[in-house]
Amino acid sequence: MEEINELIAQRIKKLEDLRELGIDPFGGSFFADDHAEDLHRKYGDALKESLAADPVGCSLAGRIIAMRDFGKAAFAHIQDTTGKIQVYFKKEFLGEQYTLLKKTDIGDIVGLKGNLFRTKTNELTVEVKEFVLLAKSLRPLPEKWHGLKDIETRYRQRYVDLIVNPDVRKTFIMRSMIIKAIRDFLEAQGFIEVETPMMQPIPGGATARPFRTHHNALDVDLYLRIAPELYLKRLLVGGYERVYELNRNFRNEGISVKHNPEFSMLEFYIAYRDYRFLMSLTEELLSFVAQKTLGALQVPFEDTVIDFTPPWPRITMLDALLQQGVPQEIVTDLEKAKVWAKSQNIDIQDKISLGRLLDEIFKEKVEPLLVQPTFIIDHPVELSPLAKRKSDNPALTERFELFIASREIANAFSELNDPMEQKQRFMEQVEAKLKGDEEAHFMDEDFVRALEYGMPPAAGEGIGIDRLVMLLTNSPSIRDVILFPQLKPEQ
RNA sequence: GGGCCGUUAGCUCAGCUGGUAGAGCAGCUGACUCUUAAUCAGCGGGUCGCAGGUUCGAAUCCUGCACGGCUCACCA
């Protein structure tokens with residue numbers, strides 16, 4: 001990392017020159033009153049003559065991102081958190097300070113005061129009366145025209161990506177707005193936000209491989225949570241009726257455009273309601289978020305437009321399969337299903353259960369077609385060890401998954417609150433684990449004990465925040481919506 | 001983990017069948033008081049991802065490795 005090239009050496013030289021002149025290259029505080037976009041908004045329409053007759057003073061702080069030098073005058077663009085504005089340095093007005101300009105580089109952070117005026121080309125510009133260097137930049141920025149394109153550098157040095165790519169800054173502002181809109185919606189519905197352990201002795205609530213760590217003082221192994229579910233349901237036992245948690249989960253699995261080892265998940269639980277209620281609530285929530293952050297229910301994504309206008313179709317998993325030409329006879333017959341799957345070139349393991357096999361077929365035949373928001377409901381019980389059975393068909397559960405743009409965005413169900421059955425389902429998972437299923441759930445005795453005190457009937461849902469942000473910002477990769485995505489270390 | 005592709009100046013990229021490495025921007029010096037990819041003149045800047053191999057000679061061909069991208073597998 002100790003690369004000293006000519007460009008950096010030149011900047012260090014300028015820094016030393018400044019120190020000799022008694023100027024601190026990492027100057028003190030500078031409280032600017034204005035931001036670039038505010039000035040454009042307030043004075044974008046102001047006439048040249050009125051700005052000249054009635055001077056408007058302003059102060060700005062930001063980074064120099066372009067410079068056009070004329071010897072005794074210079075134009076530059078200053079970028080702050082809101083945007084950029086042109087500034088004009090003139091020797092005649094700056095006197096001594098003009099020498100400082102000669103030691104200033106693109107990338108330096110400066111504070112300045114001056115008056116607004118319009119140039120010959122009518123661009124709103126600040127005529128600088130005084131300026132200070134707030135931070136000398138020792139590294140050259142990427143080129144002004146092509147910017148920074150190298151994907152690896154963009155992720156590893158996100159700070160540079162953010163400096164030079166305004167769209168990236170915008171994406172993460174959108175992310176913040178989306179999360180705020182979700183919180184606003186849930187708070188308005190009477191939910192409280194809670195924080196449950198990220199380090200758990202028993203990782204539960206999802207089908208996934210956990211990260212393991214160790215606490216020295218207690219001398220116990222702990223797992224980074226794969227989901228907060230079992231803790232949130234303990235809170236329902238405790239008497240809260242509406243809780244949510246919006247925070248990180250960790251899964252020790254592959255990395256792809258849709259997977260990062262740590263990712264953000266919203267989970268919320270509501271007592272005395274069921275999964276049908278949650279479908280309507282989900283329609284309200286996501287259309288609220290789209291409207292609030294994009295101002296529309298139609299959202300461009302890749303080569304299509306996603307329409308969030310409710311209601312969204314609700315199709316049972318089995319109907320969805322049948323509609324895509326899966327023969328009726330195989331949905332209840334494992335052996336026939338295996339034969340059919342093979343005839344369709346679907347790769348399956350030999351020991352697979354019927355439920356999982358149907359899930360595989362679903363992923364292959366149905367998922368790619370679910371572009372507009374669609375609820376897939378009533379999954380087989382073996383896929384859903386924490387969900388309540390349907391009263392009229394105990395092989396199925398009161399569950400839904402929401403698909404948008406062929407991705408799973410939400411997963412929800414009426415919660416199983418029968419402690420005996422929950423214990424039985426855990427036992428089945430433990431058996432599967434013993435047989436080598438690394439993702440089967442762990443037995444959680446304390447969770448069963450909690451249920452034994454009585455958990456009200458309830459519905460719960462998880463929404464993948466990163467994938468939602470991808471949808472709403474039209475981002476092709478999860479790495480485009482996570483500020484510092486996981487990469488292998490350099491060197 | 002498999003397959004395919006990529007890695008050349010600070011950045012964006014050329015570099016053909018192997019013959020000692022190029023452009024634009026950025027930088028430096030000089031000129032220039034309304035430019036906005038400013039302009040004009042001149043100059044500097046490279047472990048061609050790393051390590052081997054083939055060859056008289058490798059950025060270029062071969063092998064291995066590293067990192068990244070896409071994709072398949074895995075994975076809600």
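The chains referred to below are lettered A, B, ... by the order of the sequence lines, with proteins before strands, and numbering in each begins at 1. Here the structure is a predicted model, which is why all the values come from computation and not from measurement.
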(request) Report the distance from atom CZ of Phe301(A) to atom OG of Ser475(A), rounding to the nearest 0.5 Å. (result) 7.5 Å

(message) Categorize Arg479(A) for me: base, sugar-phosphate, or nothing, with a 4.0 angstrom heavy-atom threshold over every strand shown.
(response) sugar-phosphate

(request) Please state the P separation for the pair C61(B) and U7(B) - nearest whole angstrom. (result) 11 Å

(message) Using the C1' atom as the point on both nucleotides, what is the distance between U17(B) and G57(B), in whole Å?
(response) 16 Å

(request) Could you tell me whether Val164(A) contacts a base, only the sugar-phosphate backbone, or nothing, with contacts defined as non-hydrogen atoms closer than 4.0 Å? (result) nothing

(message) Give me the stems containing RNA chain B, sorted by first residue, counting only three or more consecutive Watson-Crick or G-U pairs with both distances under 3.5 Å; say none if there aren't any.
(response) B:1-7 with B:66-72, B:10-13 with B:22-25, B:27-31 with B:39-43, B:49-53 with B:61-65

(request) Would you classify Gln86(A) as touching base, sugar-phosphate or nothing, given that sugar-phosphate means primed atoms plus P, OP1 and OP2, and contacts are heavy atoms under 4.0 Å? (result) base

(message) Distance check, rounded to the nearest 0.5 Å: Leu471(A) atom CG versus Arg407(A) atom CZ?
(response) 6.5 Å

(message) Of the options C75(B), A38(B), C67(B), whose atoms approach the side-chain atoms of Glu152(A) most closely?
(response) C67(B)

(request) Determine the contact category for Gly147(A): base if any of its heavy atoms lies under 4.0 Å from a base atom, sugar-phosphate if only primed atoms, P, OP1 or OP2 are that close, otherwise nothing. (result) sugar-phosphate

(request) In whole angstrom, give me the gap between the P atoms of G3(B) and C65(B). (result) 11 Å

(request) Quick one: label Arg209(A) by what it contacts on the DNA or RNA (base, sugar-phosphate, nothing), any heavy atom closer than 4.0 Å. (result) nothing

(message) Using whole Å, what does the distance between atom P of nucleotide G6(B) and atom CG of Asp150(A) come to?
(response) 15 Å

(request) Could you check which of A38(B), A26(B), C67(B) has an atom nearest any side-chain atom of Phe70(A)? (result) A38(B)

(message) Taking any heavy-atom pair under 4.0 Å as a contact, classify Phe93(A): base, sugar-phosphate, or nothing.
(response) nothing

(message) Are Phe484(A) and Tyr155(A) an aromatic pair, judged by ring center distance below 6.0 Å?
(response) no

(message) Rounding to an integer number of angstrom, what distance separates G42(B) and G24(B) when you compare their P atoms?
(response) 12 Å

Short heteroatom pairs, N/O only, protein and nucleotides 40-45 of chain B, under 3.5 Å:
unit_1: G44(B); atom_1: N2; unit_2: Glu6(A); atom_2: OE1; d: 3.3
unit_1: G45(B); atom_1: O4'; unit_2: Glu6(A); atom_2: OE1; d: 3.3

(request) Using a cut-off of strictly less than 4.0 Å between a heavy atom of the residue and any atom of RNA chain B, enumerate the qualifying residues of residues 358-386 of chain A by number. (result) Asp359(A), Lys363(A)

(message) Can you measure Asn260(A) atom CG to G68(B) atom P for me and round it to whole angstrom units?
(response) 13 Å

(request) Please step through salt bridge (charged side-chain N to carboxylate O under 4.0 Å, His left out) for the pair Glu245(A) and Arg225(A), ending with a clear verdict. (result) CA-CA 13 Å; Glu245(A) 184 159 10; Arg225(A) 75 174 181 201; 2.9 Å; yes

(request) Describe the nucleic acid contact of Arg156(A) in one word from base, sugar-phosphate, nothing, applying a heavy-atom distance below 4.0 Å. (result) sugar-phosphate

(message) As a test of reading the structure: which of C75(B), U35(B), C28(B) is closest to the side chain of Arg68(A), going by heavy atoms?
(response) U35(B)

(request) Determine the Euclidean distance between corresponding C1' atoms of G18(B) and A59(B); express it in Å to zero decimal places. (result) 10 Å

(request) Measure from NZ on Lys258(A) to P on A73(B) and round the result to the nearest Å. (result) 11 Å

(message) Without decimals, in angstroms, what is the distance between Lys72(A) NZ and A38(B) C1'?
(response) 17 Å

(request) Would you mind telling me which of Lys233(A), Gln422(A), Lys388(A) makes a side-chain hydrogen bond (donor to acceptor under 3.5 Å, both in side chains) with Glu415(A)? (result) Lys233(A)

(request) Look at the side chain of Ile106(A) and decide which nucleotide, out of G68(B), U33(B), A26(B), has an atom nearest to it. (result) A26(B)

(message) Base, sugar-phosphate or nothing for Lys84(A)? Non-hydrogen atoms, less than 4.0 Å.
(response) nothing

(message) Applying a 4.0 Å non-hydrogen cut-off, can you work out what Leu141(A) is touching in the nucleic acid: base, sugar-phosphate, or nothing?
(response) nothing

(message) Can you tell me how far apart CZ (Arg234(A)) and CD (Glu229(A)) are? Round to the nearest 0.5 Å.
(response) 11.0 Å

(message) Between A51(B) and C11(B), how far apart are the two C1' atoms, rounded to whole Å?
(response) 28 Å

(request) Check the side chains of Ser414(A) and Glu398(A) for a donor-acceptor pair under 3.5 angstrom, ignoring hydrogens and angles. (result) yes

(request) Kindly state whether the pair Phe75(A) / U35(B) counts as stacked, where counting means centroids closer than 5.5 Å and planes tilted less than 30° apart. (result) yes

(message) Among C70(B), U12(B), G68(B), which nucleotide has an atom closest to any side-chain atom of Glu143(A)?
(response) U12(B)

(message) Counting distance alone, no hydrogens or angles: does the base of C11(B) have a donor or acceptor under 3.5 Å from a partner atom on the side chain of His146(A)?
(response) no

(request) Begin with the C-alpha distance, continue with both residues' side-chain angles, and end with the deciding distance and a verdict on ring-ring contact (aromatic ring centres under 6.0 Å, His included) for Phe75(A) and Tyr88(A). (result) CA-CA 5 Å; Phe75(A) 286 94; Tyr88(A) 182 50; 4.5 Å; yes

(message) Once you measure the plane-to-plane angle for Phe442(A) and Tyr223(A), does it fall in the parallel (<30°), tilted (30-60°) or perpendicular (>60°) bin?
(response) tilted

(request) Using atom CZ of Phe211(A) as one end and atom C1' of C75(B) as the other, report the distance to the nearest whole Å. (result) 13 Å

(request) Would you classify Ala208(A) as touching base, sugar-phosphate or nothing, given that sugar-phosphate means primed atoms plus P, OP1 and OP2, and contacts are heavy atoms under 4.0 Å? (result) sugar-phosphate

(message) Among U12(B), C11(B), G69(B), which nucleotide has an atom closest to any side-chain atom of Pro142(A)?
(response) C11(B)

(message) Say we look at G69(B) and A31(B): how far apart would their P atoms be, to the nearest angstrom?
(response) 48 Å

(request) Check the pair Glu401(A), His379(A) against side chain to side chain donor-acceptor pair (under 3.5 Å), reporting the backbone distance first and the verdict last. (result) CA-CA 9 Å; Glu401(A) 288 179 300; His379(A) 299 62; 2.9 Å; yes

(message) The test is ring-ring contact (aromatic ring centres under 6.0 Å, His included); show your working for Phe131(A) and Phe89(A) and say whether it passes.
(response) CA-CA 9 Å; Phe131(A) 80 109; Phe89(A) 297 94; 5.0 Å; yes

(request) Under the side chain to side chain donor-acceptor pair (under 3.5 Å) rule, what do Thr125(A) and Gln86(A) come out as? Steps first, then yes or no, please. (result) CA-CA 5 Å; Thr125(A) 303; Gln86(A) 181 168 261; 3.0 Å; yes

(request) Among C75(B), C34(B), C32(B), find the nucleotide with the atom closest to the side chain of Lys120(A). (result) C34(B)

(request) Starting from the 5' end of RNA chain B, give me the residue, Lys102(A) or Lys149(A), whose nearest nucleotide shows up first. (result) Lys149(A)

(message) Taking the ring centre of each residue, are Phe362(A) and Phe403(A) less than 6.0 Å apart?
(response) yes

(message) Centroid separation under 6.0 Å, is that true for the rings of Phe375(A) and Phe400(A)?
(response) yes

(request) Specify the closest pair of heavy atoms between Pro476(A) and Asp480(A), including all atoms of both residues, with the distance to one decimal. (result) CD-OD2, 3.5 Å

(message) Please report the distance separating the P of C43(B) from the corresponding atom of C4(B), rounded so that it comes out in whole Å.
(response) 47 Å

(request) Measure from NZ on Lys13(A) to C1' on C28(B) and round the result to the nearest Å. (result) 12 Å

(request) Compare the minimum distances between each of C32(B), A38(B), U12(B) and the side chain of Lys144(A), then state the nucleotide with the smallest one. (result) A38(B)

